[in-house]
Q: 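One structure coming up, written as structure tokens, with questions to follow.
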There are 2 protein chains.
Amino acid sequence: MAVNDCFDPLKLENQICFPLYVAAKEVVKRYRPLLDPLGLTYTQYIAMMVMWEHKSVTVGKLCELLCLDTGTLTPMLKKMEAAGLVERRRSKDDERSVIVSITETGEALRAKASEIPARMAQCVSLSTEDAVKLLELLNKIR
Amino acid sequence: MAVNDCFDPLKLENQICFPLYVAAKEVVKRYRPLLDPLGLTYTQYIAMMVMWEHKSVTVGKLCELLCLDTGTLTPMLKKMEAAGLVERRRSKDDERSVIVSITETGEALRAKASEIPARMAQCVSLSTEDAVKLLELLNKIR
DNA sequence: TAAAATTATATTGCATACAACATAAATTTA
DNA sequence: TAAATTTATGTTGTATGCAATATAATTTTA
């Protein structure tokens with residue numbers, strides 16, 4: 001190996017974060033054909049997951065659970081409200097809070113989404129063991 | 001465990017892609033304080049890595065190496081050209097191609113960036129072994 | 001309790017991201 | 001070689017994503 005070929009930490013191929021960045025985008029992209037028929041984007045999909053589970057949450061809680069900013073969520077929740085999936089109203093207890101609640105339409109969408117996890121699992125094809133290991137490593141990063 | 005608590009594939013906590021999506025965003029966010037002083041975003045930083053290594057590449061090659069679309073790269077490259085980091089010119093051989101070349105200013109930025117990989121490594125703190133395993137798993141996904 | 005600090009959302013501005021489409025140049029084909 | 005196809009890049013439209021800032025309501029503090 002020539003001297004100049006020594007490990008260069010500024011080479012793209014020597015990065016650890018870049019493959020993570022690419023893989024995340026790739027996975028979101030692979031959701032698209034599955035989510036398009038439901039009229040959902042990936043971000044809206046994970047928001048719906050929270051709504052299906054909790055039925056009703058504040059914007060702040062949603063931000064926390066989805067690791068997203070209000071600058072991202074507020075406009076998106078307005079779109080989802082316009083689409084009839086959720087409702088937004090100020091809390092009576094605390095007028096600062098906005099409570100997001102799932103609608104009948106939103107609940108109904110769950111049935112259509114039920115196939116998605118299995119189809120994605122097939123698409124990503126990690127063994128259970130690998131998936132567990134990956135989660136462990138991703139947690140170490142955070 | 002109650003019957004209703006059975007594994008629900010539509011629960012956010014049972015997702016494998018969501019932690020990946022969150023970790024990728026988290027890592028990019030952690031680059032920010034290191035890249036701000038250089039006037040680079042993360043995406044511009046990985047583009048500069050390619051430029052530091054190759055000096056001169058077509059837009060198409062850059063798209064391929066960075067796994068990005070022309071819709072993302074073209075406007076960004078224009079900004080980087082405006083910042084004096086690169087130059088863009090049509091190829092003489094093939095007028096369809098645009099060649100992106102690094103400038104002196106772009107080369108000079110490399111010195112300022114040299115500390116970043118080590119500082120990020122400290123920030124992310126994965127052992128070499130874990131990093132190798134993570135790369136392997138991310139490659140399995142793709 | 002009135003002022004200061006905190007909290008919860010919303011807004012603004014900037015930077016991606018990518019699908020879909022457009023366009024010009026080069027290549028292939030009939 | 002003229003037409004059809006392919007290739008390389010650019011443009012448009014939509015959807016994030018987040019920092020910084022703004023605002024209104026609540027809580028804390030002097």
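So that the names make sense, note that chain A is the first sequence line, chain B the second, and so on, each numbered from 1.
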Q: Nearest heavy-atom pair of A/D8 and B/R110: which atoms, and what distance?
A: OD2-NH2, 2.7 Å

Q: Is any side-chain nitrogen or oxygen of A/T70 closer than 4.0 Å to OP1 or OP2 of D/dC18?
A: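 No, because none of the side-chain N or O atoms of A/T70 sits under 4.0 Å from OP1 or OP2 of D/dC18.
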
Q: Answer yes if the side chains of A/R88 and A/S101 hold a donor-acceptor pair under 3.5 Å, and no otherwise.
A: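 Result is no, nothing qualifies.
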
Q: Send over the distance from B/L35 CG to C/dC14 P, rounded to a whole Å.
A: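 From B/L35 CG to C/dC14 P: 20 Å.
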
Q: What is the distance, to the nearest angstrom, from the CD atom on A/Q44 to the P atom on D/dT14?
A: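 To the nearest whole Å, that distance equals 14 Å.
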
Q: Report yes if a side-chain nitrogen or oxygen of A/Y21 is closer than 4.0 Å to either non-bridging phosphate oxygen (OP1 or OP2) of C/dA17; otherwise report no.
A: yes

Q: Please determine whether any donor N or O and acceptor N or O are separated by less than 3.5 Å between the side chain of A/R96 and the base of C/dT9.
A: no

Q: Between D/dT26, D/dG17, C/dT11, which one does the side chain of A/T74 approach most closely?
A: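 Looking only at side-chain atoms, A/T74 lies closest to C/dT11.
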
Q: Roughly, in whole Å, what's the span from CG in A/D36 to C1' in C/dC18?
A: 12 Å

Q: Check every atom of C/dT9, D/dG10, D/dA20 against the side chain of A/D69 and return the nucleotide holding the closest atom.
A: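 The closest nucleotide is D/dA20.
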
Q: Send over the distance from B/L77 CG to D/dT9 P, rounded to a whole Å.
A: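 So the two atoms are 10 Å apart, to the nearest Å.
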
Q: Can you find a pair of side-chain heavy atoms, one from A/L65 and one from A/H54, that are under 4.5 Å apart?
A: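 The answer is yes; the side chains approach within 4.5 Å.
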
Q: Answer yes if A/I99 and A/L68 sit in the same cluster of Ile, Leu, Val, Met, Phe, Trp and Tyr residues linked by side chain heavy atoms under 4.5 Å apart, and no otherwise.
A: no

Q: Heavy atoms, side chains only, cut-off 4.5 Å: are B/Y42 and B/V27 in contact?
A: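 No; the side chains remain at least 4.5 Å from each other.
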
Q: Quick one: does any side-chain atom of A/T103 pair with a main-chain N or O of A/L85 as donor and acceptor, under 3.5 Å?
A: yes

Q: Start at the 5' end of DNA chain D and walk down; is the nucleotide closest to B/G71 or to B/R32 reached first?
A: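 Final value for this comparison: B/G71.
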
Q: Could you check how far CG of B/L73 sits from P of C/dA15, rounded to whole Å?
A: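 It works out to 15 Å between those atoms.
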
Q: Among the nucleotides C/dA17, D/dA25, C/dA10, which one has an atom lying closest to any side-chain atom of B/L68?
A: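 So the side chain of B/L68 is nearest to C/dA17.
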
Q: How long is the line joining CD1 of A/I99 and P of C/dA10, in whole Å?
A: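 So the two atoms are 12 Å apart, to the nearest Å.
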
Q: With a 4.0 Å cutoff (strictly under), does any side-chain N or O of B/R88 reach OP1 or OP2 of D/dG10?
A: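 For B/R88, the contact criterion (side-chain N or O under 4.0 Å from OP1 or OP2 of D/dG10) is met.
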
Q: Nearest to the side chain of A/M76, heavy atoms from C-beta on, is which of C/dA19, C/dA25, D/dT16?
A: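 It is D/dT16.
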
Q: Which part of the nucleic acid does A/K61 contact within heavy-atom distance under 4.0 Å: base, sugar-phosphate only, or nothing?
A: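 Since no nucleic acid heavy atom lies under 4.0 Å of A/K61, the category is nothing.
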
Q: Examine C/dA17: is either OP1 or OP2 under 4.0 Å from a nitrogen or oxygen in the side chain of B/K25? Give yes or no.
A: no

Q: Once you round it to whole Å, what is the distance between P of C/dA10 and CD of A/E95?
A: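 Whole-Å distance recorded here is 13 Å.
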
Q: Can a side chain N or O of B/T43 be found less than 4.0 Å away from OP1 or OP2 on C/dT16?
A: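 Indeed, a polar side-chain atom of B/T43 lies that close.
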
Q: Any side-chain N or O of A/K78 under 4.0 Å from OP1/OP2 of D/dA15?
A: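 It does not, given that no N or O in the side chain of A/K78 lies less than 4.0 Å from OP1 or OP2 of D/dA15.
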
Q: Of the options C/dA10, D/dT16, C/dA20, whose atoms approach the side-chain atoms of A/T41 most closely?
A: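 For A/T41, the side-chain atoms sit closest to D/dT16.
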
Q: When you measure from the side chain of A/R90, which nucleotide among C/dT9, D/dT26, D/dG10 comes out closest?
A: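 The answer is C/dT9, which lies nearest to the side chain.
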
Q: How long is the line joining OH of A/Y42 and P of D/dG17, in whole Å?
A: 9 Å

Q: Please determine if a side-chain N or O atom of B/R89 lies less than 4.0 Å away from the OP1 or OP2 oxygen of D/dT9.
A: no

Q: Nearest to the side chain of A/T72, which nucleotide is it out of D/dC18, D/dG10, D/dA15?
A: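 Side chain of A/T72 sits closest to D/dC18.
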
Q: Are OP1 or OP2 of D/dG17 and a side-chain N or O of B/K29 less than 4.0 angstrom apart?
A: no

